[in-house]
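Each chain gets a letter, A, B and so on, in the order its sequence line appears, and its residues count up from 1. All values reported here derive from a predicted model rather than from experimental measurement.
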2 protein chains.
Amino acid sequence: MTEPTTFLLHRVVAELDAYADTVLRQDYGVTFATFNFLAAASTLPGLDVTALARCAGMSKAAASKRLPTLVRDGMLTASPDPHHGRRLRIDLTPRALALVEHATERLEREFAAMLASRPDLDESVLRDQLEGLAHALETLPDPTPTSGES
Amino acid sequence: MTEPTTFLLHRVVAELDAYADTVLRQDYGVTFATFNFLAAASTLPGLDVTALARCAGMSKAAASKRLPTLVRDGMLTASPDPHHGRRLRIDLTPRALALVEHATERLEREFAAMLASRPDLDESVLRDQLEGLAHALETLPDPTPTSGES
DNA sequence: CCCCTCATGTCAACCAGTTGACAACCGGCA
DNA sequence: TGCCGGTTGTCAACTGGTTGACATGAGGGG
């Protein structure tokens, strides 16, 4: 039987991530997961923990637990929101911002170069399919319980 | 700035997985991670722990730890290899095999239907891009340390 | 003004991975 | 035969997620 498309997707993503992880460790001294977290925090300055968690695709408890070490390592600042006694404002330090921008640019450039090196690949075609897929998934009804099987 | 293609890829995969997870829980009583593990075990009968781990994309310790509960739940059998005192032969029970086949077929069918429902999407185009990408990644040189940056 | 509800961040307990170490076992070779 | 290196499965310690509970602060009606 031929490999399901979704399995193929996972394989590709896993290898892509493994590549990115070694680059990030070697040249930037961060883990892939940490990079993603910082990248999420970089989308908007002054996010609170809840928004950051949503943006990074994890629970707020997980986001909260990541803060202390990243603050200690000079990657983030977490300052109390003056307008709200409990909320935190989370910002990247200039160093972390530079890291995220540089690494993102580099990884994306290498990805584009890899695609360009093969005549059968075309980043815009891939993007179109992925964007269509993303859109199709957003407008997807929740799965209907089939209540068959086991 | 426009979203990097690799980030888009992650978003799509995350949503796809979330959908699959709810289907698998609702209708098959397994977690997405468990389903993947069983699917890996189903590729070849009689795999040993090491091969299964490689096939499932995890360490052998992790694979080893999963066994007892899956055996207890009647999903797997782990029998000592007669030709090798330490090696285990791991097989799916008929029930687990049926589960994997049924669920795989269903999820892939729904995926194809979603693609077919949008005129801008084409599964064969997507597959071609992904397969080319997979191949490009296999023949990729290890990342060269740039030794720049922080 | 108080109270009720909701949002926010954190904590404890748990779960499922990882790495590194290790005992048991295989197989080849002196 | 006995030893020795490599393989195999498992264990302990750790990491980084999850959920559910919780204290605290915000904000809007009685």
Q) Between B/Gln129 (side chain) and A/Val125 (backbone), is there a donor-acceptor pair under 3.5 Å? A) no
Q. So which pairs with a foot in residues 42-64 of chain B pass salt bridge (Lys or Arg N to Asp or Glu O under 4.0 Å), sequence neighbours left out?
A. B/Asp48-B/Arg87
Q.
Between A/Glu123 (side chain only) and A/Ala116 (backbone N and O only), is there a donor and an acceptor less than 3.5 Å apart?
A. no
Q.
Without decimals, in angstroms, what is the distance between A/Leu52 CG and C/dG9 P?
A. 10 Å
Q: Grab the CG-P distance between A/Asn36 and D/dG17 for me, whole Å please.
A: 10 Å
**Q.** Presence of A/Ser59 side-chain N/O under 4.0 Å of D/dT18 phosphate oxygens OP1/OP2
**A.** yes
Q.
If we ignore hydrogens and angles and just use 3.5 Å, is the side chain of B/Thr104 paired with the main-chain N or O of B/Glu101 as donor and acceptor?
A. no
Q | Euclidean distance, atom CG of residue B/Asp17 to atom P of D/dG17 [Å, nearest integer] | A | 17 Å
**Q.** Length of the line joining A/Asp21:CG and C/dT18:P, which is rounded to integer Å
**A.** 12 Å
Q.
Strictly under 4.0 angstrom, non-hydrogen atoms only: write out the protein contact profile of nucleotides 3-15 of chain D, one letter per nucleotide from the 5' end, B, S or -.
A. -----BBBB-B--
Q: Would you kindly compare A/His83 and A/Thr34 by the position of their nearest DNA chain D nucleotide and give the one closer to the 5′ end?
A: A/Thr34
Q: Check whether any side-chain nitrogen or oxygen of A/Arg66 sits under 4.0 Å from OP1 or OP2 of D/dG17, and answer yes or no.
A: yes
Q) Can you pull the ring-ring contact (aromatic ring centres under 6.0 Å, His included) pairs that have at least one residue in residues 30-51 of chain B, sequence neighbours excluded? A) A/His10-B/Phe32
Q) Separation of A/Arg54 atom CZ from C/dA7 atom P, in whole Å? A) 12 Å
(Q) Check whether A/Thr93 reaches the backbone of A/Met75 with its side chain - one donor and one acceptor, N or O, closer than 3.5 Å. (A) yes
